[in-house]
Amino acid sequence: GLPTLDVAARMVEQTPGITRLIDRLEDKGWVERRRCTEDRRRVFCVITPAGLALLADLDPAVQAVDDQALEHLGGAPLGELVEVLDRVRDAFRQPTSLAKP
């Protein structure tokens, strides 16, 4: 599982109501919360088998959109895009690199 704030940080669209969002996902049976044994203030969100099944159902549609978006790229341009996206992702893993001019 992931701590609630880590879930919030990974969201594409930032939402101030992450707790309410997790509440709704939990009500649907897609995630469950587990308290950290070392620090009871921390709560981990864990995807349930029902949540995994939902994601498996969505995978083909998501893959089709990805394929359609990238179908006009091929070979070198696609490789360049992957490299650029890797650098962007790496920058977010190192917070100090974002502050550099």
Side-chain angles (χ1 to χ4, degrees):
L2 289 173
T4 304
L5 293 178
D6 286 1
V7 173
R10 291 176 175 219
M11 304 247 333
V12 172
E13 183 175 323
Q14 298 301 314
T15 176
I18 189 66
T19 300
R20 288 188 301 277
L21 175 62
I22 301 292
D23 287 344
R24 290 192 302 271
L25 294 172
E26 191 173 36
D27 289 345
K28 293 178 185 270
W30 296 333
V31 299
E32 62 182 39
R33 289 181 171 110
R34 296 185 186 156
R35 289 255 175 224
C36 176
T37 55
E38 291 84 29
D39 182 352
R40 301 281 300 156
R41 295 171 295 178
R42 291 184 76 189
V43 177
F44 291 93
C45 299
V46 180
I47 193 162
T48 64
L52 290 172
L54 174 65
L55 290 175
D57 288 346
L58 294 173
D59 278 346
V62 171
Q63 186 62 51
V65 170
D66 286 349
D67 291 346
Q68 183 180 7
L70 299 175
E71 70 185 358
H72 301 293
L73 294 178
L78 185 56
E80 291 171 21
L81 176 61
V82 170
E83 288 178 28
V84 169
L85 293 173
D86 283 343
R87 289 197 310 258
V88 169
R89 183 181 54 227
D90 289 344
F92 280 98
R93 288 184 181 150
Q94 303 168 5
T96 56
S97 66
L98 293 177
K100 292 180 184 175

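A search for side chain to side chain contact (heavy atoms under 4.5 Å, CB included) contacts involving Leu73 returns Leu70, Pro77, Leu78, Leu81, not counting sequence neighbours. In this view, Asp6 satisfies the side chain to side chain donor-acceptor pair (under 3.5 Å) rule with no residue, not counting sequence neighbours.
Residues Val82 and Leu85 form no side-chain contact, since every pair of their non-hydrogen atoms from C-beta on lies 4.5 Å or further apart.
Leu2 and Met11 fall within a single hydrophobic cluster, where Ile, Leu, Val, Met, Phe, Trp and Tyr are joined by side-chain heavy atoms under 4.5 Å apart, directly or via other members.
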Check residues 42-56 and write down every donor-acceptor pair under 3.5 Å in which the side-chain atom is one partner and the other belongs to a residue at least two apart or another chain.
unit_1 : atom_1 : unit_2 : atom_2 : d
Thr48  : OG1    : Gly29  : O      : 2.5
Thr48  : OG1    : Trp30  : O      : 3.1
Thr48  : OG1    : Ala50  : N      : 3.4
Thr48  : OG1    : Gly51  : N      : 3.1

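Sorted by first and then second residue, the pairs that involve residues 59-88 and meet salt bridge (charged side-chain N to carboxylate O under 4.0 Å, His left out), not counting sequence neighbours, are Asp86-Arg89.
Residue Arg33 qualifies as enclosed at atom CZ: its count of foreign heavy atoms under 6.0 Å is above 12.
Between the OG1 atom of Thr19 and the CD1 atom of Ile22 there is a distance of 8.0 Å, given to the nearest 0.5 Å.
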